[in-house]
Chemist: 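After the structure tokens below, expect a handful of questions from me.
What you see below is based on every heavy atom in this structure, not just the backbone, and it leaves out hydrogens, waters and symmetry mates. Each ligand, and each atom within it, is numbered from 1 in the order the structure gives. Heads up: numbering here begins at 1 and tracks the sequence.
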Amino acid sequence: MPKQLTDLDLKNRRVLVRVDFNVPLDKDLNVTSDARIRESLPTIQAILKAGGRPVLMAHLGRPKGKVVESMRLRPAAQRLQQLLGSPVKTVSDCIGSEAESASRALAAGECLVLENLRFHDAEENGDPAFAAALAKNGDVYVDDAFGAAHRAHASVSGVPRLLPAAMGLLMQKELDAFHKVLHTPARPFVAILGGAKVSDKLPVIENLLAKVDILIIGGAMAYTFLVQQGHKVGTSLVEKDLVAEAGKVLAMCRSAGKQLLLPLDHVCAAEFKADSKASVHVGDIPDGLMGLDIGPQTIELYKQALQGAKTIIWNGPMGVFEMAAFCRGTEAVAHAVAKSGAFTVVGGGDSVAAAEKTGVVKQLSHVSTGGGASLELLEGKVLPGVAALG
Ligand code: AMP
């Protein structure tokens with residue numbers, strides 16, 4: 001594990017913190033959800049308490065290397081100031097003399113938010129000269145942006161090689177939760193994977209197979225497996241070029257004595273539309289219909305598998321949960337995960353949204369703030385942002 005915040009000498013130091021302030025803004029540039037800013041508060045407050053001067057750097061949106069007025073970080077900085085109840089300053093760039101002078105002028109109790117990192121192409125290119133320019137704004141470095149830790153960007157993997165570096169409290173919470181699940185899971189360990197594309201999740205399945213006791217598959221990605229087993233799936237989403245690979249996964253499961261659960265029945269419709277007529281079909285799906293959610297028998301099967309679990313990881317919805325007619329499977333799984341009493345980790349934007357919609361977030365052990373980063377951890381990869389922390 002990388003160094004922790006408490007391993008760094010913070011007093012009177014400029015603490016350059018990479019945070020995830022990629023918040024949604026409305027057309028009047030008001031922050032419409034400050035969840036990401038709130039998640040970074042413990043680290044910022046801990047630095048202030050230790051007498052450090054936080055200099056925060058973040059990206060917002062996709063300005064693609066140009067200054068885009070509507071993507072400035074000032075609204076996020078203002079929200080942070082309200083939440084902290086102490087001064088938060090801003091500057092018009094993230095490198096250069098204005099930023100460096102502002103960082104050196106910070107008084108005790110004050111924070112500085114540097115301008116959007118992605119106004120420079122050099123950030124996403126991981127340019128070492130840009131990393132060196134950023135590093136001039138701090139004496140030590142802290143990474144608290146788990147959501148960006150899978151990117152080898154200058155602020156994520158360049159700056160920590162130039163300054164004494166540690167992980168922030170949010171980063172630590174994320175890494176601890178995934179470490180526990182992946183390396184010391186209490187058993188039985190059940191993984192639930194869903195979503196649209198099997199191609200996105202195959203590396204995760206292959207890595208998790210060796211670790212889990214039961215693998216539950218739902219969402220459109222289940223149909224590629226069902227086709228491999230000889231089922232008819234109508235017009236459901238299937239990745240034909242991955243049917244053979246799905247067969248290999250099923251064979252690997254059999255030889256390793258792992259249980260892989262697939263849907264037994266399906267909520268189907270003729271069209272991918274919220275108001276199309278839904279019907280339940282057991283086994284095969286009739287021609288002209290597509291599977292858009294798991295059916296009631298499958299819900300029962302998955303609930304039973306989750307009941308005795310001691311560790312659960314969930315990534316991806318069981319159906320088109322955004323549409324009322326096809327959200328029951330995902331909601332039932334959310335409730336079953338929440339009620340299981342297991343150590344539960346939920347990752348990925350859609351499963352987190354489903355957990356929020358179902359009102360079960362408080363009953364989960366860990367809800368990840370990073371969709372892409374959490375998937376890469378589940379794939380068994382080392383995140384560039386974590387590797388750079390040493
Ligand atoms: P992913 O980004 O791969 O995790 O997929 C999430 C998306 O998969 C959500 O927007 C769901 O609506 C969609 N999805 C889940 N199940 C199905 C299905 N059976 N058919 C089509 N889309 C689905």
Side-chain angles (χ1 to χ4, degrees), residues 147 150 191-208 215-229 231-243 245-246 249 261-286 288-299 302 313-334 337 345-358 367-379:
H150 58 310
I192 314 161
L193 296 176
K197 285 181 151 183
V198 74
S199 44
D200 290 346
K201 305 276 162 64
L202 264 178
V204 176
I205 297 176
E206 284 164 0
N207 184 49
L208 285 182
L215 187 58
I216 292 179
I217 293 194
M221 61 187 267
Y223 302 116
T224 301
F225 286 91
L226 291 171
V227 165
Q228 201 283 331
Q229 290 186 329
H231 286 286
K232 293 198 166 141
V233 298
T235 53
S236 305
L237 276 183
V238 170
E239 285 174 83
K240 290 201 183 81
D241 51 333
L242 291 176
V243 171
E245 191 64 29
V249 168
L261 303 181
L262 288 166
L264 305 171
D265 57 349
H266 319 274
V267 182
C268 305
E271 285 177 282
F272 188 89
K273 275 193 186 158
D275 58 357
S276 55
K277 190 171 161 289
S279 54
V280 174
H281 298 270
V282 179
D284 290 348
I285 295 176
L289 294 184
M290 62 180 82
L292 295 174
D293 194 9
I294 56 174
Q297 285 187 28
T298 310
I299 289 178
Y302 290 3
I313 174 92
W314 177 27
N315 187 303
M318 297 290 99
V320 186
F321 75 105
E322 301 93 331
M323 299 180 189
F326 312 109
C327 70
R328 272 184 217 114
T330 304
E331 292 189 4
V333 161
V337 171
V345 175
V346 176
D350 286 315
S351 354
V352 173
E356 281 167 355
K357 189 170 159 229
T358 325
V367 176
S368 180
T369 56
S374 66
L375 264 188
E376 292 202 9
L377 284 181
L378 297 181
E379 287 173 16

Chemist: With a 3.5 Å distance limit and no angle check, can you tell me whether Tyr302 reaches the backbone of Ile217 through a side-chain donor-acceptor pair?
Modeler: yes

Chemist: Is it the side chain (CB and beyond), the backbone, both or neither of Met221 that lies under 4.0 Å from ligand 1, heavy atoms counted?
Modeler: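 The answer is neither.
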
Chemist: What is the nearest protein non-hydrogen atom to atom 19 (N) of ligand 1, stated with its residue, atom name and distance?
Modeler: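 Protein heavy atom at minimum distance: Gly291 O, 2.9 Å.
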
Chemist: Of all the non-hydrogen atoms in the protein, which one sits nearest to atom 22 (N) of ligand 1, and at what distance?
Modeler: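 Nearest protein contact, heavy atoms only, for atom 22 (N) of ligand 1 is Val320 CG2, 3.6 Å.
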
Chemist: Check for me whether Phe326 has a heavy atom closer than 4.0 Å to any atom of ligand 1.
Modeler: no

Chemist: Which residue holds the protein heavy atom closest to atom 15 (C) of ligand 1, what is that atom called, and what is the gap in Å?
Modeler: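 For this ligand atom, the closest protein heavy atom is Gly319 O, 3.2 Å.
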
Chemist: What is the nearest protein non-hydrogen atom to atom 6 (C) of ligand 1, stated with its residue, atom name and distance?
Modeler: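 Result: Asp350 OD2, 3.0 Å.
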
Chemist: So, does Ser276 use its side chain to make a donor-acceptor pair with the main chain of Glu271 at under 3.5 Å?
Modeler: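 Confirmed, Ser276 side chain pairs with Glu271 backbone.
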
Chemist: Can you figure out which of Ala353, Gly371, Ala220 has its heavy atom closest to atom 16 (N) of ligand 1?
Modeler: Ala220

Chemist: Using heavy atoms and a 4.0 Å limit, tell me yes or no: is Gly348 in contact with ligand 1?
Modeler: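 Gly348 does not count as a contact of ligand 1 under the 4.0 Å cut-off.
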
Chemist: With no hydrogens and no angle check, is any side-chain donor or acceptor of Glu239 less than 3.5 Å from a backbone partner on Ser199?
Modeler: yes

Chemist: Please examine the side chains of Pro263 and Phe225, heavy atoms only from C-beta on, and report whether any two atoms are closer than 4.5 Å.
Modeler: no

Chemist: Which residue holds the protein heavy atom closest to atom 10 (O) of ligand 1, what is that atom called, and what is the gap in Å?
Modeler: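 The protein heavy atom lying closest is Glu322 OE2, 2.5 Å.
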
Chemist: Is a donor from one side chain sitting under 3.5 angstrom from an acceptor on the other, for Thr298 and Asp265?
Modeler: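 Present: a donor and an acceptor within the cut-off.
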
